[in-house]
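Here the structure is laid out as structure tokens; the discussion comes afterwards.
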Amino acid sequence: MSTGADLKAREGDIPSDNMTQEQSFKKGFCSLRHGLAFILHLCNFSIYTQQMNLSFAITAMVNTTVASSQLNASTERPPTNSQDVWNETLQESKAPVYDWTPEIQGILLSSLSYGSFIAPIPTGYVAGVFGAKYVVGLGLLISSVLTLFIPLAADAGVALLIVLRVIQGMAQVMVLTGQYSLWAKWAPPQERSQLITIAASGSMLGTFLVLIAGGLICQALGWPYIFYIFGGIGCACCLLWFPLVYDDPQNHPFISTGERRYITCSLAQEDCSLGWSLPIKAMVKSLPLWAIVVSYFCEYWLLSTVMAYTPTYISSVLQANLRDSGILSALPFMFGCVCIILGGLLADFLLSRKILRLVTIRKLFTAVGVLASSGILLPLPWVRSSRSTTMAFLVLSSVFASLCDSGALINFLDIAPRIQSLAGEMSSSLQLLLM
């Protein structure tokens, strides 16, 4: 690990004009590292659309007439005209409809998590040792291609669809895990929050788009096109990924000398060397690591619950039809997407101006993100008579939850840049185990 004196000596050897050029790369968004954040934003967007598409499409894949009649009987409320038109449109569609029981639907939706639980730790380790470019790119390609085959698998039988979803879950973990190995080599500490939150905001944008457009796609084209469209977008992202992304700035053919030197000097004091040795005993005994794991688990437990049940809650409790339910369900994720980026910019601003210490920023953003977002959801049962109040609470919860992306969710890179992939996946594995 380089010392402060070594770093000053290196900077002393750099000519003044190069130092001026290097300083210019600290400002603005026209840089390769911000380009990498944008490409990863698209990758996360694609992965989350592929995670959510079955959750929404399954309402059109099963017998909607029976499902809607059961819902209306349970709520003792006659179907609205808009809901009748929706059901009639789906029934007239040429897309096949399946007689899946609620138990089968639950297995299909959860099968993605089976693969996600199996793959994280070995995937993170492989990405850290052999390079993240091909791990992430291959995971995105496999998940996208399998998305295109979901309609065919559904026709072939439930068993094949479950196997496909398990493999798809493993491929998606390759993307969500491996990208942190890239940031260990590309993200200067002063810009780490904004770069990672730009990339992470793609998850909220993907969820938002599936919810707001899924119903329209089902109605206009049929439910198979949800998989064709979002699977095709993922394949298109692969065309950007493989030629434009490299594991580190030293090997990138298009990076300027000033930006390469700026990133290298910024990371000079961090031990990012890779190897096969892994301090398992030290990791198990590390209280900061376990604090991050618990925070990570709490945030993603909340996020997973909101993603899975918000459409159903709005449909059954607020008595919204399927189309309106999708639009209303998308609103919290739209605000969350914007606030993730704003939270990252705020965190880096507080750090660069030395208003707060890095550890204070991470703790503050994590505490507010976890406690405030959870606390706002507690009064929902008492305000369900008001649709506007319920939606305001859901939006505020998503806004506060987005602050966690600038807190514990990137703290792995602060405390352990060399093994951040494995450290991060300890928490995601725990979350998937308890879901």
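Below, all heavy atoms of this structure are taken into account, side chains as well, without hydrogens, waters or symmetry copies. Only a predicted model underlies this, so the values are computations on that prediction, with no experimental measurement involved. We're numbering straight along the sequence, starting at 1.
Taking the six-membered ring where tryptophan is involved, the planes of F227 and W223 are perpendicular, since the angle between them exceeds 60° and thus also 30°. By the 30° and 60° cut-offs, the orientation of the rings of Y98 relative to W100 is parallel. Ring-plane geometry between F230 and F45 is classed as perpendicular, the angle between the planes exceeding 60 degrees on a 0 to 90 degree scale with a lower cut at 30.
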After noting the C-alpha distance and the side-chain angles of S266 and Q190, does the key distance pass the side chain to side chain contact (heavy atoms under 4.5 Å, CB included) rule? CA-CA 8 Å; S266 298; Q190 297 290 335; over 6 Å; no
Chi angles and distances behind the side chain to side chain contact (heavy atoms under 4.5 Å, CB included) call for L267, W186: CA-CA 9 Å; L267 299 175; W186 276 93; over 6 Å; no
Determine, stepwise, if the pair L195 / R33 fulfils side chain to side chain contact (heavy atoms under 4.5 Å, CB included). CA-CA 8 Å; L195 289 172; R33 61 189 183 276; 4.2 Å; yes
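Taking the side chain as every heavy atom from C-beta outward, M204 and C339 never approach each other to under 4.5 Å. Looking only at side-chain heavy atoms (C-beta outward), W183 and L36 come within less than 4.5 Å of each other. The shortest side-chain heavy-atom distance between L182 and V245 falls under the 4.5 Å cut-off. Considering only heavy atoms from C-beta on, I341 stays 4.5 Å or farther from Q194 through its side chain. Side-chain atoms of L108 and R165, non-hydrogen and from C-beta on, never get closer than 4.5 Å to each other.
Under the 3.5 Å distance criterion, the side-chain polar atoms of S193 are left unmatched by any main-chain donor or acceptor of G344. In this structure, the side chain of Q51 does not engage the main chain of I47 through any donor-acceptor pair within 3.5 Å.
No hydrogens or angles considered: a donor-acceptor pair under 3.5 Å links the side chains of S143 and Q172.
Rounding to the nearest 0.5 Å places CD1 of I150 at 6.0 Å from CG of L54. One distance of note links CG of N53 with CG of L211; it measures 11.0 Å at 0.5 Å rounding.
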